[in-house]
Structures are given as structure tokens and as C-alpha cells.
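Okay, so here's the structure we're looking at.
Atoms considered below: every heavy atom in the structure, side chains included; atoms not considered: hydrogens, waters and symmetry mates. Here, residue 1 is the first one in the sequence, and each next residue gets the next number.
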Amino acid sequence: MVRGWCRTFSDGRQQVEDIPRAGRTRTATTDANVGKVDDMIRANRRITIDEVAEELGISHERAQNIIHDILRYRKVSARWVPRQLTSTHQEQRMAVSLEHLVRYHEDGNDFLFRIVTGDETWVHHFTPESKAASMEWKHPSSPVRKKFKTTPSEGKVLLTVFWEAQGVLLLDFLEARNASSLNNRSTREEVEY
């Protein structure tokens with residue numbers, strides 16, 4: 001390498017900086033590519049990093065750097081909700097809410113104390129341990145801890161609870177074989193007495 005430099009400088013070269021060379025640019029993280037990636041994501045929120053890289057002709061790593069580090073996008077999934085409300089359901093809920101608001105302004109806290117709320121849930125005869133609850137610190141020399149899968153017991157009941165501002169009014173247990181037809185019912189209702 002030193003011989004090559006000596007030969008180059010003895011032939012008359014006097015600058016020590018690199019001579020500009022044609023070829024591939026040193027980075028794909030240009031303002032133009034950043035703008036294109038942003039436009040692609042805004043057009044299709046489900047586009048993958050590989051699709052972006054292929055479309056722009058850049059590496060997966062550069063596409064990921066642009067998306068995560070420069071544009072600060074994060075991939076998230078939608079949260080599951082029990083059901084999509086139709087416009088009729090939304091209007092009904094709005095009307096009931098407005099009616100409750102009017103009655104609250106007329107009666108104050110007396111109105112709130114007359115509201116009874118109910119809910120139902122399945123209650124099993126065992127309480128399974130979650131992964132988070134079973135976590136513990138482990139030293140590399142510690143033996144591997146085995147966790148056996150819990151077999152659920154056949155016993156489960158449908159618990160229906162009604163409560164008000166003062167406390168629980170009713171607890172009702174319905175055996176699983178009698179409650180199978182109730183499995184598709186709405187889980188939350190509010191009633192007034």
C-alpha cells in the first residue's frame with residue numbers, strides 16, 4: 001500500500017483527498033427517498049418494509065432506518081372490540097345519554113343512586129397462572145424450571161352481577177350446561193329502577 005502511494009505521488013499527484021468516483025451513492029437515506037417512503041406509507045398503511053425496499057431499490061436495513069428512525073413510524077395492531085355499532089345503535093346510545101344527562105341536571109345525585117348496572121362473566125373452578133405471574137429471576141447456573149400445563153376443570157359457571165352506587169345487589173350463578181344458549185348475548189346492560 002505504501003509503495004502504491006509513493007508511486008502515485010512520485011508520478012506528480014499532490015492532493016491527498018480522494019478523487020471523486022462514479023458509482024453507487026454512499027447512502028440511500030436521501031431526502032427524496034424519505035419523502036417517497038412517507039408518501040408510500042400514507043397511501044398504504046399496511047405496506048411492509050420489504051415492499052418499500054423493493055419499490056425504491058434500497059436495502060431492507062435502509063428502508064427500516066428511514067421508517068423507524070427518521071420518520072418515527074411504529075407498527076401497531078388494531079384493538080379488538082366486542083362489535084361494530086351501527087348508526088342506529090349510536091343514535092340510540094346518544095339519545096339515552098342525553099336523557100340521562102337531563103335527568104341528572106334535574107335530580108342531581110339522587111338520579112345516580114337509582115341506576116343499577118349488570119354484567120356477566122364465565123367463572124372457572126380454577127385460576128390459571130399467567131406467564132407474567134410465573135416470571136422469576138434466574139441465574140445462569142440455576143436449574144431449568146418446568147411449568148406444567150394446567151388442565152382446565154370441566155366446571156365453569158356464568159356469573160351475573162347487578163350493582164348500584166351503594167354496592168352489589170345480586171350475584172347469580174348459572175351452570176355451564178344451562179348457560180350455553182346465553183353465550184351470544186350482550187354482556188353489558190344498564191337499567192334504572
Could you state whether [X] and [Y] fall into the same hydrophobic cluster, counting links through intermediate Ile, Leu, Val, Met, Phe, Trp or Tyr residues with side-chain heavy atoms under 4.5 angstrom apart?
X	Y	value
Val96	Val102	no
Val168	Leu159	yes
Ile115	Tyr104	yes
Leu101	Phe113	no

Legend entry - side chain to side chain contact (heavy atoms under 4.5 Å, CB included) between Glu164 and Thr117, intermediate numbers included: CA-CA 6 Å; Glu164 63 176 358; Thr117 304; over 6 Å; no

Inset, instruction - Please say whether more than 12 non-hydrogen atoms of neighbouring residues, nucleotides or ligands are located less than 6.0 Å from CG in Asp31. - result: no

Inset, instruction - Answer yes or no: does atom CD of Glu54 have more than 12 heavy-atom neighbours from other residues, nucleotides or ligands under 6.0 Å? - result: no

Minimum side-chain heavy-atom gap [X]-[Y] below 4.5 Å:
X	Y	answer
Arg62	Thr29	yes
Lys36	Asn33	yes
Met94	Gln90	no
Val157	Leu174	no
Thr121	Thr160	no
Glu51	Met40	no
Val161	Asp119	no
Tyr73	Ile67	yes

How close do [X] and [Y] get, heavy atom to heavy atom, and via which atoms?
X	Y	answer
Ala28	Ile58	CB-CG2, 3.3 Å
Asp50	His60	OD1-ND1, 2.6 Å
Asp107	Phe111	CB-CB, 3.8 Å

Looking at [atom1] of [X] and [atom2] of [Y], how far apart are the two atoms once the value is rounded to the nearest 0.5 Å?
X	Y	atom1	atom2	value
Leu169	Asp172	CG	CG	13.0 Å
Ile66	Ile70	CD1	CD1	5.5 Å
Leu112	Arg103	CG	CZ	11.0 Å

Inset, instruction - State whether the side chain of Glu55 and the backbone N or O of Val52 hold a donor-acceptor pair below 3.5 Å, judged by distance alone. - result: no

Inset, instruction - Ignoring hydrogens and angles, tell me if any N or O in the side chain of Arg13 forms a donor-acceptor pair with the backbone of Gln15 under 3.5 Å. - result: yes

Inset, instruction - Tell me, please, which residues at least two apart from Ser10 pass side chain to side chain donor-acceptor pair (under 3.5 Å). - result: none

Inset, instruction - Evaluate the criterion salt bridge (charged side-chain N to carboxylate O under 4.0 Å, His left out) for residue pair Asp38 and Arg42; output intermediate values, then yes/no. - result: CA-CA 6 Å; Asp38 194 33; Arg42 289 177 189 270; 3.2 Å; yes

Legend entry - Carboxylate-amine/guanidinium proximity below 4.0 Å for Arg114 and Asp110: no

Legend entry - Stepwise side chain to side chain donor-acceptor pair (under 3.5 Å) check, Ser97 with His100: CA-CA 5 Å; Ser97 298; His100 285 160; 5.9 Å; no

